[in-house]
Each structure stands twice: as structure tokens, then as C-alpha cells.
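First comes the structure, then the notes that go with it.
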Amino acid sequence: MRVDGTPTRTIWPLANADAVAIIDQTALPHAYRVLRLASLEEVAQAICSMQVRGAPLIGVTAAYGLALAMVHGDDDATLLAAVETLAATRPTAVNLRWALARMQRCLAPLPRAARAEAAWQEAARIADEDVEQCRQIGEHGLQRLRGASGGRERLQIMTHCNAGWLATVDHGTALAPVYAAFDAGIDVQVWVSETRPRNQGLLTAWELAQHGVPHTVIADNAAGLLLARGDIDAVIVGADRIAANGDVANKIGTYLKALAAAAAGVPFYVAAPRSTIDFACPSGAEIPIEERAADELRIVHGRDAGGVRGQLQQVPASASVVNPAFDITPAKLVSALITERGGCPASAAGLLALYPEERHA
Ligand code: MRU
């Protein structure tokens with residue numbers, strides 16, 4: 001992706017500095033700010049506070065977090081403690097545990113002196129693979145989108161949350177096919193739901209604008225109307241975890257969109273790489289749902305009339321609040337999963353046909 005015309009990833013190692021750079025996603029869309037993370041603690045805090053967010057990017061960031069931990073101590077106890085610290089940051093996106101397990105498999109057998117260097121290399125490999133897989137998701141998703149407009153001049157796509165470039169290292173998952181379609185000259189318009197309470201839809205709008213893709217922001221509650229009256233050709237979302245039976249955990253509000261899409265006969269696609277599929281998790285019922293702080297609902301962030309960034313309390317402190325961050329969309333509401341290996345039905349058989357090496361698991 002380009003930020004103001006400059007090709008940019010969402011995370012990159014700082015040469016000879018034992019640090020990584022990230023884009024502070026809590027400042028967007030109001031300010032573009034790059035932060036330097038130089039310790040395990042800073043990485044853990046960046047994930048918890050959602051300065052970095054989105055399942056694939058959380059995994060890659062955690063991998064770099066382990067590399068930073070190894071710089072400051074390369075013994076087994078440090079490795080184990082760092083894995084535990086990072087694993088505790090966010091519970092739902094399985095990419096986090098997937099990346100930590102891969103890093104552990106790589107580092108644990110090595111002599112201590114070799115671990116730090118190997119950790120940087122493995123984290124960079126995970127990042128590069130994420131870029132390539134997202135690019136492939138874009139290619140496969142594009143095949144689904146070609147001709148989906150049913151004769152309409154402009155292809156109308158709805159998405160939820162941010163499953164774009166910002167949620168990965170590059171390209172995105174749900175937005176990768178959108179970028180591929182746009183780059184292929186297809187006239188595409190994206191309907192972006194705000195995604196209360198953290199408003200990740202505004203991140204989606206920001207990055208679509210950076211790429212020049214036409215888009216419109218809607219309140220979350222407007223999605224049902226648009227789908228019911230035939231304004232939308234397809235819905236594409238990302239995932240934080242896909243269970244072995246094809247059930248999908250994604251940002252709160254995804255399930256409502258899937259229900260509305262099914263009622264309207266609109267295809268509902270879920271795009272995600274292998275690192276988001278949890279073959280050890282039988283169904284959505286076993287996926288842990290993150291419960292986040294009530295203040296995320298109570299307090300809204302923005303700019304005042306003078307352009308100054310600030311916050312306002314919208315929900316009184318006396319009001320009872322719950323803030324589940326994800327929901328489960330049952331496999332039966334998903335038209336297809338789109339992965340780096342292609343599309344498949346959202347079912348155990350569909351997933352295993354794409355990933356036959358998981359049959360033994
Ligand atoms: O809480 P977030 O912002 O990390 O949640 C992100 C999502 O739910 C995304 O839709 C999902 O991670 C897919 S990202 C490619």
C-alpha cells in the first residue's frame with residue numbers, strides 16, 4: 001500500500017536498532033503517526049491498546065516482540081515468559097498463538113547465542129509470507145467478484161471492521177480482492193460500516209482513500225436496509241479465527257451482516273490466510289470472545305470544530321455496559337471462505353480439501 005504515495009508496510013524492523021516501527025492505529029484517521037517499539041513490554045502494550053490490530057498483524061507483531069525479547073535475554077525462561085506475556089494480550093485472533101508457536105518451534109532447539117538473530121529472521125519470514133498470502137487472497141477473491149455486479153455498472157461491496165492493509169502487513173484480507181478489482185479496472189464502490197465502538201471502519205475508509213477506491217461510510221445499523229433493498233452485490237469480511245467446522249469469529253456486528261445478507265440472498269464471503277484457521281478448535285462455540293473495557297463504549301474520540309483531537313463521554317459512567325469485541329458467524333451463513341489457496345465451502349470438508357495436510361490433526 002502507499003501512504004501519501006510512498007509504498008509502506010504496517011510494520012518493519014529498524015535496521016541495526018533492535019526495534020520495529022509500527023503505524024499507530026489509535027491515531028488514525030485523524031493523524032498518521034509512526035511509533036518505535038524497542039521492547040517486549042512495548043510490543044505487548046501496543047497489541048493490548050490496539051495501536052496494532054487485525055489478526056494477521058497481531059501475529060506478526062508478536063513475532064517481532066519475541067525477537068526483541070531475545071535481544072535482552074536468550075535463555076529458555078525468557079523465551080517462555082515472553083511467549084506467555086504476548087499470548088495474554090488478546091484472546092480471539094488465533095494468528096497470535098499461531099505465530100508464537102511457530103517462533104517457539106524455531107527458537108527452542110537453537111543454542112542461546114543463535115536465538116536473537118534467528119528470531120529476527122523468522123519474524124521477517126512470517127511478515128513476508130503474510131504479504132504473499134494476502135496478495136494471493138486478492139487474486140482468488142477477484143475471481144469471485146468478477147461478474148458479481150449482475151449487470152450493474154458499478155460493483156457494490158460491503159465490508160465490516162478493517163480487514164485491509166492496516167490489519168495485515170500489506171494488501172489486507174477482505175480488502176485484497178477489492179484492491180485487486182480496482183487495480184484491474186473494475187468500477188467498484190465499497191460500503192464501509194463504522195464498526196462501533198472502536199470505529200475500525202474509519203481505518204478502512206482511510207486506507208481505501210489512500211488507494212483511491214470509491215467508498216461510503218455508513219452507520220452499522222444501515223447495513224440491513226442496504227442489503228434488503230438490493231444495493232449490495234457481495235459482502236466480504238475478514239476473520240480473527242475460523243474453527244475447523246467453518247464457523248467464523250470476527251468483529252462484533254459481523255453476524256448481523258451475515259444474517260441480513262442471507263435474508264437478502266447476497267453472497268457473504270470471509271477472506272483469511274491459513275494462520276487464521278484453527279483446526280484444533282472444533283466449532284465457534286469454543287472460540288474465546290474478547291471482552292474489552294467499558295470505556296471503549298462510553299467515550300468517543302474525534303476532532304473538535306477547531307481540528308483539535310479530543311474525547312467526549314457519550315455513555316454516562318452510571319450506565320451498565322458490556323463490550324464484547326467479536327461474534328461468531330455460523331458456517332451455514334458463509335457463502336465461501338477465501339484463502340491463499342483458493343475458495344472453499346465453510347465446512348470441515350471444504351477446509352480439509354484446501355489443507356489436506358491437516359487431515360491427521
Ligand atoms: O479488534 P480488531 O480491530 O483487532 O479486530 C479486527 C477484526 O475483527 C478484523 O476483521 C479481522 O482481524 C480480520 S483482519 C485481516
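Atoms considered below: every heavy atom in the structure, side chains included; atoms not considered: hydrogens, waters and symmetry mates. We count residues from 1, following the sequence as given. Predicted model, so just to flag it, every value in this text is computed and none were measured. First listed ligand is number 1; within each ligand, the first listed atom is number 1.
- Of the N and O atoms on the side chains of Q143 and E139, not one donor lies less than 3.5 Å from an acceptor on the other residue.
- Within 6.0 Å of CZ on F182 lie more than 12 heavy atoms contributed by other residues, nucleotides or ligands.
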N/O pairs closer than 3.5 Å, ligand 1 and protein:
| residue | atom | partner | partner atom | Å |
| --- | --- | --- | --- | --- |
| ligand 1 | 1 (O) | R90 | NH1 | 3.4 |
| ligand 1 | 1 (O) | R90 | NH2 | 2.8 |
| ligand 1 | 1 (O) | K251 | NZ | 2.7 |
| ligand 1 | 3 (O) | R53 | NE | 2.5 |
| ligand 1 | 3 (O) | R53 | NH2 | 3.3 |
| ligand 1 | 3 (O) | Q200 | NE2 | 2.8 |
| ligand 1 | 4 (O) | G54 | N | 2.9 |
| ligand 1 | 4 (O) | R90 | NH1 | 2.8 |
| ligand 1 | 8 (O) | D240 | OD1 | 2.6 |
| ligand 1 | 8 (O) | N250 | OD1 | 3.2 |
| ligand 1 | 8 (O) | K251 | N | 3.3 |
| ligand 1 | 10 (O) | N250 | OD1 | 2.7 |
| ligand 1 | 12 (O) | A55 | N | 2.9 |
| ligand 1 | 12 (O) | D240 | OD1 | 3.3 |
| ligand 1 | 12 (O) | D240 | OD2 | 3.0 |

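- The side-chain tip of K257 does not point at the ring of F268 from less than 6.0 angstrom away and within 45° of straight on.
- Ring geometry, Y32 versus W206: the interplanar angle falls under 30°, so the pair is classed parallel (tilted spans 30 to 60°).
- In summary, the side chains of N250 and R241 do not present any donor paired with an acceptor at a separation below 3.5 Å, with no hydrogens or angles considered.
- For residues 68-79, the set of pairs meeting the side-chain hydrogen bond (donor to acceptor under 3.5 Å, both in side chains) definition, not counting sequence neighbours, comprises D74-R112, D75-T78, D76-R115.
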